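This is a predicted model, so every value here is computed, not measured.
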Amino acid sequence: MTQASIIPKVFTWGVLAAVAPGLAAAQEAPVCLAQPTQPGQPPVLAPNRIALALFLASKPQDMPGCTMEVRDGRIQIAPPTSNAAMSCPDMFSWKLFAESVKAEFWKGWATDPQTWPVDPYPLCGPAGTAGACCTPGAANNPGYDDASNPAVHCPYFPGDHLTAQTAPRVLTASPLSKAHLTPFTGPLGRSGMPGVATATAIEPGRKIRQSMAELVFRNKPMLDFVFGKDIYHQQGLQRVFKQNHDYQNASTAPYRRKNAPNVLTEIEFPADTLMIKSDWLAEERAREMGLRDDPANPYVKITIESPVYDNNGVILEKGVHWLVAIHFSSKDIPNWVWTTFEHVHNPGRCDYTGCNDSYGYATPDQVSADQETNYTSPHFQCDNLLLGSWIYDLAKPYPGGTRSQGLAQVFSGLGIGNGSAPPPGPDGTIVPSPADPAWLSYRLKGSQTEFVDATGQPTRLGNSVTEGGFVNTSSCMTCHSRASISAKGSIPPALSVFISETSETGYLQSARGAPGPDWFRASNQPPALAALQTDFVWGFLNANCIASQPNEYCK
């Protein structure tokens with residue numbers, strides 16, 4: 001991105017007078033000039049150092065020639081691309097989005113409570129007892145006949161039990177990991193704040209983050225792995241850690257033991273694993289926060305129960321929720337593909353890091369014919385000091401850009417967004433539909449497949465909602481590399497999501513760049529295992545203890 005490419009956006013922020021001929025009036029207002037304007041001399045804009053730094057982040061992610069099309073109802077990658085996840089990560093991100101919507105993941109995929117039961121029973125076999133154990137693949141495990149919570153004892157994949165008569169399920173969002181404490185005292189942004197961004201301004205995504213309901217979905221290969229490998233409870237995780245610790249220090253080193261049932265030494269999900277994190281905001285709260293359901297860009301809607309906090313604890317409220325953000329993680333490469341989408345009207349959607357999409361939508365920025373069209377720049381403004389500098393102009397909307405012909409054809413071929421919004425059911429319940437045009441309201445924020453780029457620069461990816469408060473330091477890949485267990489299992493976590501670093505506003509920040517080897521092993525001989533990675537999956541924090549098998553960590 002060049003200085004020229006951002007000037008049209010800068011003009012809209014009130015500094016056109018500072019660079020236009022006849023600047024007598026411009027002297028009355030502070031402007032971002034390299035030096036005070038001298039009589040008879042044209043002003044010189046101060047260099048936009050933010051824009052210069054973001055040049056490193058604006059590189060297109062996809063290689064030339066990345067194309068895909070729908071044939072016989074399935075997306076096909078066109079040659080010569082042989083590994084779209086690595087060569088075309090932005091196109092691959094839209095592939096994940098389209099295929100998951102077509103599969104109606106909200107109907108049949110397992111949520112966190114269905115993957116990690118609240119009162120788990122052991123696997124059937126030598127360690128289990130009749131009637132109080134779980135069998136992978138069975139249609140009638142204990143608790144499966146409980147319509148309100150079939151996964152109370154054993155992992156449960158809803159798609160295995162769907163019939164034509166199955167009523168739409170009303171999902172219950174997991175208890176928030178971020179306190180629901182944001183007061184609803186006005187619209188998002190800097191209401192009542194000075195015109196210049198300040199360190200005390202609260203990011204709009206952070207406000208939504210504090211109030212959203214989160215649903216995580218996992219596909220069948222992922223659920224089957226957790227179930228079949230006996231790692232849906234804390235004792236199973238403790239066993240994996242011990243076996244890894246013992247075997248890496250055994251006389252058989254450096255050779256590794258093969259993974260098998262009951263002798264799992266490492267957690268490695270199959271290549272067709274996919275998990276989706278979706279963030280929903282109750283309609284009432286969305287409207288209180290100043291969001292609007294624009295008919296031209298509506299929100300995908302669903303009826304769910306979400307937790308609300310008051311002085312007496314957690315209360316579940318059933319109601320219509322709007323999809324504000326959605327994140328996909330795919331095991332198509334060993335370190336996963338990470339990609340995140342936001343509703344086009346999320347305020348501050350491209351703040352700090354910009355938005356990068358090489359495939360789906362061209363930038364709405366005014367770029368010249370010889371410039372790339374993948375990158376949407378953050379908004380800037382002058383800080384209005386005597387010798388002004390450029391700073392971020394936060395919490396503003398970003399136009400959506402123009403949909404590519406390739407993405408339009410994929411959506412059309414899969415029947416996504418080509419119908420009307422689904423009507424409420426007889427009981428008022430709303431369930432999403434692939435044909436809902438609201439799916440066309442979402443934009444790719446970016447994709448990530450490496451810890452660092454080819455020059456060693458740490459890569460970043462953060463959703464303004466999911467990572468509200470730490471977008472500028474967020475790296476999905478690095479953060480999830482810290483997902484791990486200790487001898488105690490996943491509780492307490494062996495490593496935290498955040499590191500001992502804060503932003504200017506005080507929010508804790510995320511790790512970025514290559515993982516630190518000392519996070520996981522001490523450097524003594526033999527190496528002491530401190531934390532065993534769970535293959536980038538934080539969901540194991542939901543694992544509970546088997547009550548009938550107490551030990552020193554499960555009592």
Quiz item: Can you name the one residue among Trp116, Phe227, Phe540, Tyr156 that meets ring-ring contact (aromatic ring centres under 6.0 Å, His included) with Tyr232?
Solution: Phe227
Practice problem: Please determine if Asp160 and Lys220 form a salt bridge, counting it only when a charged side-chain N lies under 4.0 Å from a carboxylate O. | Solution: yes
Self-check item: Within the 6.0 Å centroid threshold, strictly below: Phe341 and Phe328
Solution: yes
Practice problem: Decide, yes or no, whether a salt bridge links Arg209 with Glu214 under the criterion of side-chain N to carboxylate O below 4.0 Å. | Solution: no
Quiz item: Counting distance only, does the side-chain N/O of Asp332 pair as donor-acceptor with the main-chain N or O of Val337 below 3.5 Å?
Solution: no
Quiz item: Should the heavy atoms of other residues, nucleotides or ligands under 6.0 Å from CZ of Arg403 be counted, would the total exceed 12?
Solution: yes
Quiz prompt | Residues Phe498, Phe470; criterion ring pair (Phe, Tyr, Trp, His ring centres under 6.0 Å); working and verdict | solution = CA-CA 10 Å; Phe498 298 107; Phe470 58 101; 5.0 Å; yes
Exercise. Please confirm whether the backbone N or O of Ala296 pairs with a side-chain atom of Asp294, one donor and one acceptor, at under 3.5 Å?
Key: yes
Self-check item: Nearest atoms (heavy-atom pairs only) where Arg218 meets Gly539
Solution: NH2-CA, 3.6 Å
Self-check item: Thr273 side chain near Phe225 side chain, heavy-atom distance below 4.5 Å
Solution: no
Quiz item: Between Tyr398 and His379, does the ring centre distance come in under 6.0 Å?
Solution: yes
Quiz item: If you count the non-hydrogen atoms of other residues, nucleotides and ligands that lie under 6.0 Å from CD in Glu284, is the total more than 12?
Solution: no
Quiz item: Is there a donor-acceptor pair closer than 3.5 Å between any side-chain N or O of Lys102 and the backbone N or O of Ile416?
Solution: no
Quiz item: Between Trp338 and His480, does the ring centre distance come in under 6.0 Å?
Solution: yes
Quiz item: Hey, is Asp535 close enough to Lys331 for a salt bridge, meaning N to O under 4.0 Å?
Solution: yes
Quiz item: Strictly under 6.0 Å, is that where the ring centroids of Tyr299 and His345 end up?
Solution: no
Quiz item: Can you tell me if Trp439 uses its side chain to pair, donor with acceptor, with the backbone of Ser433 under 3.5 Å?
Solution: yes
Exercise. Search all heavy atoms of Gly354 against all heavy atoms of Pro378 and return the closest pair with its distance.
Key: N-CG, 3.5 Å
Quiz item: Between the side chain of Thr303 and the main-chain N/O of Ile430, is any donor-acceptor distance below 3.5 Å?
Solution: yes
Self-check item: Carboxylate-amine/guanidinium contact Asp351 Lys396, below 4.0 Å
Solution: no
Quiz item: Does the side chain of Arg349 reach to within under 4.5 Å of the side chain of Cys355, using non-hydrogen atoms?
Solution: yes
Quiz prompt | Worked verdict on Ser464 versus Glu342 for side chain to side chain donor-acceptor pair (under 3.5 Å) | solution = CA-CA 8 Å; Ser464 73; Glu342 300 195 37; 2.6 Å; yes
Self-check item: Sub-6.0 Å ring centroid separation between Phe217 and Trp109
Solution: no
Practice problem: Would you check, one step at a time, whether the test side chain to side chain donor-acceptor pair (under 3.5 Å) holds for Thr459 with Gln448? | Solution: CA-CA 7 Å; Thr459 59; Gln448 186 180 34; 2.8 Å; yes
Practice problem: Taking atom CE of Met86 as the centre, report whether more than 12 heavy atoms of other residues, nucleotides or ligands fall under 6.0 Å from it. | Solution: yes
Quiz prompt | Passing candidate, side-chain hydrogen bond (donor to acceptor under 3.5 Å, both in side chains) with Ser358, options Asp62, Asn374, Thr373, Asp90 | solution = Asp90
Self-check item: Trace of the side chain to side chain donor-acceptor pair (under 3.5 Å) decision for Gln409 with Ser412
Solution: CA-CA 5 Å; Gln409 291 175 343; Ser412 175; over 6 Å; no
Exercise. May I ask you to test the Asn335-Thr449 pair for a side-chain heavy-atom distance under 4.5 Å?
Key: no
